Number of protein chains: 2
Amino acid sequence: MTSKPKPRQTRQRAEILSALATAGDFRSAQQWHDVLRHESSTVGLATVYRALQSLAESGEVDAVVTDSGETLYRRCEAGDEHHHHLRCRRCGAAEEIDVPDFEAWATQLAATHGYSSIDHTVEITGLCGECAKATN
Amino acid sequence: MTSKPKPRQTRQRAEILSALATAGDFRSAQQWHDVLRHESSTVGLATVYRALQSLAESGEVDAVVTDSGETLYRRCEAGDEHHHHLRCRRCGAAEEIDVPDFEAWATQLAATHGYSSIDHTVEITGLCGECAKATN
DNA sequence: TTGGTATTGATAATCATTGTCAATAAGCGG
DNA sequence: CCGCTTATTGACAATGATTATCAATACCAA
């Protein structure tokens, strides 16, 4: 295996993890950086990007890419179990959802097409109750 | 309805549509622009971006956003029926697939969470036969 | 404590995409 | 067929998110 060494435990990483733990919604790296700054942290923007990126790789946080290409991060609630999201495209609220049998189905389907090493993305977006009203 | 006026029929749009019709795989706006240039077309890059964007909005072409935030376009094979893709993350090959009952399921699930105006993204990626070998 | 090495952070660099705006061309009315 | 109004075009600047640079700094194993 070519697993990465091991991240060092630094003040900034701790602060970032802490911020992630406090708010449970999806936010961009820049937004998390703002949050930290408001909490009088001095973490650099680049560091936030790097930390979120590495946390996402190791599966410690969820990452989704919006239609406009922005990457949003949020703490991962379900242990290390794979899951998906139902997200409000207006306010950003998100709920983790369960997609029964999707994994198995996807793997099998892919196999019939000769594909392997399957990965997938299932994102469901809509308007939450609040925003549906506001949009009227 | 606030439907857009109606796109004018221009030489550049025709050329772009033509290129789309020739190759059936997913390519970025820049790549399509290159294709056109090689065919001695003089279309501008911005024009390609605009055309693909508008075609995607009207559902005449498929658009997917990669993990790195790039938007890829390709001609839409299935009439105006909604569909999904199985894509090779290495060579970009893609096949349209069918996700039985997913639509209905998604809509219902969303409703139970108070969400409306549901939209969704289902992308399955893997390694196609060719690339699986090459990666060994 | 100390040295080797990750990590940090300010800033410059990338890169896809969008905005600008004068020049051009669709397509309608006559 | 002929203007005319207005969408479209294209060269280029501008944006905005993300990544690279690189010297200074902080982990942490010995």
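Remember, predicted model here, so these are calculated numbers, not experimental data. What you see below is based on every heavy atom in this structure, not just the backbone, and it leaves out hydrogens, waters and symmetry mates. Convention: sequence-line order gives letters A, B, ...; per-chain numbering from 1.
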* Asked: Rounded to the Å, how far apart are L52(B) CG and dA16(C) P?
  -> 15 Å
* Reckon S68(B) touches a base, only the sugar-phosphate, or nothing at all at heavy-atom distances under 4.0 Å? -> nothing
* Polar contact flag, side-chain donor to acceptor under 3.5 angstrom, R37(A)-T42(A) -> no
* Is T47(B) reaching over with its side chain to a backbone N or O of V43(B), donor-acceptor style, under 3.5 angstrom? -> no
* N/O donor-acceptor pair under 3.5 Å between R75(A) side chain and A21(A) backbone -> yes
* Asked: What's the spacing between S28(A) OG and L52(A) CG if we round to 0.5 Å?
  -> 9.0 Å
* In whole angstroms, how far is the C1' atom of dG10(D) from the CD1 atom of I16(B)? -> 12 Å
* Kindly work out whether a path of hydrophobic side-chain contacts (I/L/V/M/F/W/Y, heavy atoms less than 4.5 Å apart) joins L17(B) to L72(B). => no
* Just by modelled atom types, is the Y73(A) backbone N or O under 3.5 Å from a matching donor or acceptor in the W32(A) side chain? -> yes
* Asked: Just checking, is any N or O donor in the side chain of S41(B) or R11(B) under 3.5 Å from an acceptor N or O on the other one?
  -> no
* Atom pair distance, as rounded to whole Å: CD in E15(B) and P in dA25(C) -> 13 Å
* For nucleotides 24-30 of chain D, just jot down a letter per nucleotide in 5' to 3' order: B, S or -, based on protein non-hydrogen atoms under 4.0 Å. => --BBS--
* Euclidean distance, atom CZ of residue R13(B) to atom P of dA26(C) [Å, nearest integer] -> 13 Å
* Round to the nearest Å and state the distance from H33(A) atom NE2 to dG9(C) atom P. => 8 Å
* Whole Å only: how far is the CZ atom of R37(B) from the C1' atom of dG10(D)? -> 9 Å
* What string of B, S and - do you get for nucleotides 16-22 of chain D 5' to 3' if you count protein non-hydrogen atoms under 4.0 Å? -> -SBBBB-
* To do: Begin from the C-alpha positions of L36(B) and V48(B) and carry the test side-chain contact (heavy atoms from CB on, under 4.5 Å) through to its verdict.
  => CA-CA 9 Å; L36(B) 289 165; V48(B) 175; 4.1 Å; yes
